[in-house]
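Remember, it's 1-based here, ligands and their atoms both numbered in the order they're listed.
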Amino acid sequence: MANSQSPITNHQSRNKKVALITGITGQDGSYLAEFLLKKGYEVHGVKRRTSLFNTDRIDHLYHDPHIKGLDLTLHFGDMTDSMNLTRIIQEVQPDEIYNLAAMSHVAVSFETPEYVSNADGTGTLRILEAVKLLGLTKKTRIYQASTSELYGKVQEVPQTETTPFYPRSPYAVAKMYAYWITVNYREAYDMFACNGILFNHESPVRGETFVTRKITRAASKIALGLQDKLYLGNLDAKRDWGHAKDYVKMMWLILQADEPEDWVIATGVTTPVREFVRMAFAYAGVELEFKGEGIDEVGYIKSVNEERFSSLITNHKLQITDLLGKEVVAVDPRYFRPTEVDLLIGDPSKAEQKLGWEREYKLEELVNDMMQSDLKLMTKDQYLQDGGYKTMNYFE
Ligand code: NAP
Ligand code: G4F
């Protein structure tokens, strides 16, 4: 996709609901844009100026900007720029704002703490204050992308809307400010502003450095003979993983409720990272076993289901006998965090009862969706290599 264009705000004449999504180029932003366009919304998104195109996830939703009657319009912007955000909101006059933009990587937030507090914390204030200053408090409903990271060193199992917070990273602390400033504007100015406390959700377009995607990419490459080993950090951490497709629907439902409230969105099931690794390899017919402890723990290939493996990996470089016994997973302490969140498991009862929250994807289906997609992607790399082209190996 080329650069974004000046906004065309023709919604008043078209009688459509108008949504503004910050973070539209991210995992959730792309699924949400697709969902809202299907619902007949006029969708506007905020994207950052980048030196390379960063719109891969939404290119399929976009049309030539010179064609009139666009449903999707992109605006250059940044969560750290109040004037820019205020101008966009004034031009778009949204019925709904979904504030998804954030530096969302927990480990990276330890290295960029000041920036994270500005973009993820104060950035949320900028949105709320702009809506107030522009006199849109009665018109515009606001969804704030809050997170299960707020529970951090968990004070209760499972976590609910009333579980006390104990954030464990600069990211979580910034998101805690964003959570409370959203509650405060709701109470102070009678705004329809809500927090969705979403537990981890993943997909084939999950960022490559989050653990699930790192695993499904590596399992695919290892099966194809394009990578030797996957290095991970804490294999014992447990997460409540769902599919992003299911979760964006809840963002929308939260803004359609009768009253503005805060909601836990989770599956109620928790799984260790090690088990996710096992499930990813199992998709390709590869059975892993782990041995050793702590930083000496390794995962090796115990057996291969030849029929399954050969049906998926048609052009494998390695013989199945080469794979047996091979160590393919190891621990690298560089992926440990200064403070870790050991266990997350949400109780979604309130959303189930009051919003009718149902999930289409179970964990196994999520893993299968991601593996199917990454195997296809990596097979493309293999064809390129076989054709004499160079492909990059990213170290995630
Ligand atoms: P993501 O894939 O990392 O997307 C983040 C989006 O924010 C991207 O579009 C990114 O733009 C944009 N962004 C980052 N900094 C910005 C800035 N300063 N100004 C404007 N845009 C900026 O994250 P996600 O997984 O879709 O998550 C969406 C939101 O939900 C985030 O707020 C995240 O913290 C929160 N959340 C996520 C999960 C989860 O499991 N996925 C769970 C709970 C809460 P670029 O494309 O240019 O980088
Ligand atoms: O995939 P992760 O990086 O996700 P994390 O830290 O749970 O954060 C994600 O979910 C939050 C919701 O709870 C969001 F708010 C946030 O924006 C983000 O989307 O790590 C998951 C677990 C951690 O315990 C981590 O220590 O996996 C562990 N892990 C083990 N090895 C690793 C690795 N994580 C990463 N990224 N890379 C590893 O090599």
Side-chain angles (χ1 to χ4, degrees), residues 21-33 45-50 52-58 75-81 84-85 98-109 112 115-116 118-120 122-124 126 143-152 159 167-169 171-172 174-175 178 195-203 205-215 218 230-244 247-248 251 265-266 271-274 276-277 329 331-337 339-344 346 395-396:
I21 304 174
T22 69
I24 194 166
T25 56
Q27 171 189 255
D28 291 2
S30 61
Y31 280 117
L32 180 65
V46 178
K47 79 166 204 123
R48 299 192 277 191
R49 192 270 158 181
T50 45
L52 294 170
F53 291 149
N54 69 338
T55 51
D56 283 18
R57 293 184 177 111
I58 50 171
H75 308 256
F76 280 121
D78 198 291
M79 293 306 290
T80 61
D81 183 342
N84 154 269
L85 291 173
Y98 295 86
N99 184 33
L100 310 186
M103 200 308 285
S104 72
H105 202 285
V106 174
V108 174
S109 80
T112 60
Y115 172 72
V116 169
N118 190 0
D120 299 16
T122 315
T124 304
R126 293 185 179 102
Y143 172 87
Q144 168 56 22
S146 282
T147 164
S148 49
E149 281 291 306
L150 294 171
Y151 300 118
Q159 295 86 52
R168 293 269 279 175
S169 64
Y171 166 78
K175 284 282 188 178
N195 288 288
I197 308 172
L198 270 54
F199 283 63
N200 298 51
H201 45 280
E202 321 291 313
S203 73
V205 297
R206 180 60 145 153
E208 293 90 342
T209 60
F210 295 98
V211 78
T212 55
R213 189 78 198 287
K214 181 172 167 180
I215 294 167
L230 162 64
Y231 291 96
L232 292 170
N234 181 5
L235 297 173
D236 291 318
K238 291 192 177 124
R239 288 292 181 274
D240 179 332
W241 280 299
H243 198 300
Y247 284 55
V248 298
M251 296 177 184
I265 307 298
T271 308
V273 169
R274 186 184 297 99
F276 194 102
V277 178
V329 183
V331 173
D332 183 342
R334 86 175 62 200
Y335 299 114
F336 292 162
R337 295 165 184 190
T339 40
E340 173 65 290
V341 172
D342 296 315
L343 163 74
L344 291 174
F395 296 97
E396 290 138 11

Does one side chain, of Asp28 or His201, offer a donor that lies under 3.5 Å from an acceptor on the other? yes

For ligand 2, which atoms, with element, lie under 4.0 Å from some heavy atom of [X]?
{"X": "Ala237", "value": "24 (O)"}
{"X": "Thr209", "value": "35 (C), 36 (N)"}
{"X": "Ser104", "value": "16 (C), 17 (O), 18 (C)"}

Would you please classify the geometry between the Tyr143 ring and the Tyr98 ring as parallel, tilted or perpendicular, with 30° and 60° separating the classes? tilted

Considering only non-hydrogen protein atoms, determine which one is nearest to [atom] and report residue, atom name and distance to 0.1 Å.
{"atom": "atom 31 (N) of ligand 2", "value": "Gly233 N, 2.8 Å"}
{"atom": "atom 38 (C) of ligand 2", "value": "Lys214 NZ, 3.8 Å"}
{"atom": "atom 13 (O) of ligand 2", "value": "Ser148 OG, 2.5 Å"}

At a 4.0 angstrom heavy-atom cut-off, ligand 1 is contacted by Gly23, Thr25, Gly26, Gln27, Asp28, Arg48, Asn54, Asp78, Met79, Leu100, Ala101, Ala102, Ser104, Tyr115, Ala119, Ala145, Ser146, Thr147, Tyr171, Lys175, Leu198, Phe199, Asn200, His201, Arg206

Candidate with minimal heavy-atom separation from atom 3 (O) of ligand 2, of Glu340, Arg239, Arg337, His105: Arg337

Taking atom 30 (C) of ligand 2 as the point of reference, which of Leu150, Leu198, Leu230, Asn234 owns the nearest heavy atom? Asn234

Option among Arg337, Arg168, Arg239 that satisfies the salt bridge (Lys or Arg N to Asp or Glu O under 4.0 Å) test with Glu149: Arg239

Of the backbone atoms (N, CA, C, O) and the side-chain heavy atoms from C-beta on, which set of [X] has a member under 4.0 Å from an atom of ligand 2: side chain, backbone, both, or neither?
{"X": "Arg206", "value": "side chain"}
{"X": "Val106", "value": "side chain"}
{"X": "Val273", "value": "side chain"}
{"X": "Leu235", "value": "neither"}

Considering residues, nucleotides and ligands other than Tyr231, do more than 12 of their heavy atoms fall under 6.0 Å from its OH? no

More than 12 heavy atoms of other residues, nucleotides or ligands under 6.0 Å from NZ of Lys214: is that the case? yes

Test your reading of the structure: does Phe199 have an N or O sitting under 3.5 Å from an N or O of ligand 2? no

So is Thr212 polar-close to ligand 2, meaning N/O to N/O under 3.5 Å? no

Arg126 and side chain to side chain donor-acceptor pair (under 3.5 Å): which partner among Asp81, Thr80, Asn99, Asn118? Asn118

Looking at ligand 2, is there an atom of it that comes within less than 4.0 Å of some heavy atom belonging to Tyr171? yes

